[in-house]
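In what follows, a structure is listed as structure tokens, so that the remarks can point back to it.
All chains are named by letter (A, B, ...) in the order of the sequence lines, taking the proteins before the strands, and each is independently numbered beginning at 1. It should be emphasised that the depicted structure is a prediction, and the values quoted were computed from it without experimental measurement.
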There are 2 protein chains.
Amino acid sequence: MSTIGKALSLLDLISELDKDIGLSDLARLSALDKATARRFLVELERHGFVEQDEETRRYRLGAAPVRLARLRQARFPFVAVAAPFVKALAEEAGETVHLSEFSGGRLSTIHVEDSAQAHRVIVDPGAVLPFHATASGLAYLAFLPPGEIDRALARPLERFSAHTATDAGAVRTLLRETVERGYSISQQGFEIGVISAAAPILTPGGRPMGALAVAAPTARADMARMHEIGRKAAAAARGIAEKYYGGRT
Amino acid sequence: MSTIGKALSLLDLISELDKDIGLSDLARLSALDKATARRFLVELERHGFVEQDEETRRYRLGAAPVRLARLRQARFPFVAVAAPFVKALAEEAGETVHLSEFSGGRLSTIHVEDSAQAHRVIVDPGAVLPFHATASGLAYLAFLPPGEIDRALARPLERFSAHTATDAGAVRTLLRETVERGYSISQQGFEIGVISAAAPILTPGGRPMGALAVAAPTARADMARMHEIGRKAAAAARGIAEKYYGGRT
DNA sequence: AAATACTGGTTCAAATATTGAACCTCAAGG
DNA sequence: CCTTGAGGTTCAATATTTGAACCAGTATTT
């Protein structure tokens, strides 16, 4: 792996932590030499991607991504365009809705609208969604070209809960159903107690670039209701794509 | 410079462009070899920091920073905390207000609230603010430890308009006034037709970490009014710091 | 329609940056 | 006051990066 790749992986690692981390711990966690980790950190800090606490000498995610995100969103206002659809869907379904975007080989949550209900599903903003174990991931995978699906299912599928489909064949069945219906349903595949329905957001070329998902507590999630929610999510996802790509070539 | 630094500089360069760019152009602009630029781009793309248009093969800023920005803002909700103050100040002053944060050696705009007036100053979101030529930069510089001010003024000061103070001595005078008043005023130092007043946002340790600036068209900007606006900006900046650092150690 | 001048992308020996064990200093704990 | 682990640094050995030259393809120009 190139130096750049290693440094960006280190940045990823830091981003996943929710508290500051010291040099030695970071070197251990990243399996990099202490001297190497430090050189990377210094370089990342020079560019604002990492910040070192003056006092504790520990490191954390810096502010530079905020500026880059702003520029990205000015040119591709995906979140801004999708937000009203997400909100409307959250109100209509009465459940937490989250939007994810594919980037850097991963599907990451980029917007969340909480349900108004007291008993609701909490979604981490910035969380990375596994392709085979979440409704969003299945919705995304299902509409990918066959070759890419194969590659995604070639490596071992991690188990997140007792209900995770870790068998490639089982996942393929879920994907077939997803393509037929236009939306996916994941029953506690990622987290116990949560059932989700999700629809892909497709580029004009028909390629998925993200997903829109509704997450409900099992207590409120009978299948008839989830299917209805799935249809609504699919309609909203189409609406987002139309509006987002409407003003472009 | 390390490979990482070069790659991040390349990313910076891409971020400054407001349209996609081809490999050859990018290699020229960055003064990197084409092969090198390409390797960097591939690596940056693998991590989502850069995106290649499937069709045109041109490159652009990717979506990864959006996720990182989200995580950063979840832990350090600087923009979220400051936004109400920015909005209130924009209404009170009747002018465009922008918030900047120091990161990666630069002061970057991270939030803008436009004035309600038809004739108003437009601020680029994501723009980098030169220290010696903007009110925000002066407010930031003025409260830095002397040694760091010296370093900032040691290199040649770029001229942005006919009114830019490019002489270190002249800048030092502006900085002295800024410290005395608690806010800076820049008269068309960055852009002709714009007068700004800005106040630093200080950490509990007394170190500046950003600035709050009000930008008015010269037509509406007599000095008495700018001083009044400056005082209001200083008060708002203190309010932001208090609220932002209030809940921390 | 042939020639030219660009693209984006690739190759591989030469040049250079990266690596990491050992080292330093300092602070906290036993 | 000795040990441990912290952050940080050094420099010879080493692995990676570099870039001139090379494709193949596509607009432009002649």
Side-chain angles (χ1 to χ4, degrees), chain A residues 1-15 17-62 104-105 147-148 203 205 207 249, chain B residues 1-62 104-105 147-148 151 203 205 207 249:
Chain A
M1 191 194 276
S2 78
T3 309
I4 299 167
K6 284 182 235 168
L8 294 180
S9 296
L10 181 67
L11 181 60
D12 256 347
L13 180 63
I14 293 169
S15 79
L17 273 27
D18 55 355
K19 53 186 191 331
D20 300 2
I21 185 166
L23 174 60
S24 298
D25 284 344
L26 197 52
R28 265 190 292 276
L29 257 172
S30 60
L32 289 162
D33 185 87
K34 203 154 53 102
T36 304
R38 171 131 218 289
R39 261 183 327 105
F40 287 4
L41 287 167
V42 167
E43 217 57 47
L44 288 168
E45 186 178 27
R46 278 166 49 85
H47 289 261
F49 287 86
V50 153
E51 200 174 80
Q52 183 177 32
D53 192 297
E54 291 274 331
E55 200 184 325
T56 67
R57 312 254 83 194
R58 285 158 171 276
Y59 298 89
R60 70 172 80 102
L61 190 58
E148 295 189 48
T203 67
R207 190 191 165 78
T249 326
Chain B
M1 191 194 278
S2 79
T3 310
I4 298 168
K6 283 182 236 168
L8 294 180
S9 296
L10 181 67
L11 181 61
D12 256 347
L13 181 62
I14 293 170
S15 79
E16 278 161 22
L17 275 27
D18 55 355
K19 55 188 190 329
D20 299 1
I21 184 165
L23 175 60
S24 298
D25 284 343
L26 197 51
R28 263 190 293 276
L29 258 172
S30 61
L32 288 159
D33 186 86
K34 203 154 53 105
T36 303
R38 173 132 217 290
R39 264 181 327 104
F40 287 2
L41 287 167
V42 167
E43 216 57 44
L44 288 168
E45 186 178 27
R46 280 167 45 86
H47 289 262
F49 287 87
V50 153
E51 202 175 78
Q52 183 175 33
D53 193 296
E54 293 274 330
E55 200 185 325
T56 67
R57 312 254 81 192
R58 285 160 173 277
Y59 298 89
R60 70 172 80 101
L61 190 57
E148 296 188 48
R151 270 201 287 131
T203 67
R207 192 191 164 79
T249 325

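The residue among A/Arg57 and B/Arg39 whose nearest nucleotide of DNA chain D is located toward the 5' end is A/Arg57. Place A/Thr56 and A/Ile4 on DNA chain D by their nearest nucleotides, and A/Thr56 ends up nearer the 5' end.
A donor-acceptor pair is defined here as one N or O able to donate and one able to accept, closer than 3.5 Å; no such pair exists between the side chain of A/Gln52 and the backbone of A/Glu45.
We find that CZ of B/Phe40 is positioned 15 Å from P of D/dT16, with the value rounded to whole Å.
Overall, the helix from C/dA1-D/dT30 to C/dG30-D/dC1 carries an axis bend of 30° between its ends, with five pairs at each end and the value rounded to 10°.
Between the OG atom of B/Ser9 and the CZ atom of A/Arg46 there is a distance of 7.5 Å, given to the nearest 0.5 Å. Note that CG of A/Leu41 and CD1 of B/Ile4 are 9.0 Å apart. Values are rounded to the nearest 0.5 Å. One distance of note links CZ of B/Arg58 with CD1 of B/Ile14; it measures 12.5 Å at 0.5 Å rounding. The NE2 atom of B/His47 sits 12.5 Å away from atom CG of B/Leu11, with the distance rounded to the nearest 0.5 Å.
The stretch residues 18-32 of chain A has no heavy atom under 4.0 angstrom from DNA chain C at all.
Between A/Tyr59 and D/dG8, a side-chain N or O to OP1/OP2 separation shorter than 4.0 Å is present. Applying the 4.0 Å criterion to OP1 and OP2 of C/dA17, one finds that A/Thr3 has every side-chain N and O outside that range.
Salt-bridge check for B/Arg60 with B/Asp20: passed, with a basic side-chain N closer than 4.0 Å to an acidic carboxylate O.
Counting any heavy atom pair closer than 4.0 Å across all strands shown, A/Glu43 reaches no nucleic acid atom.
Pairing each heavy atom of B/Lys34 with each of B/Ser24, the nearest pair is CD-OG, 3.8 Å.
Under 3.5 Å, the side chain of A/Lys34 and the base of C/dG20 form no donor-acceptor pair of N or O atoms.
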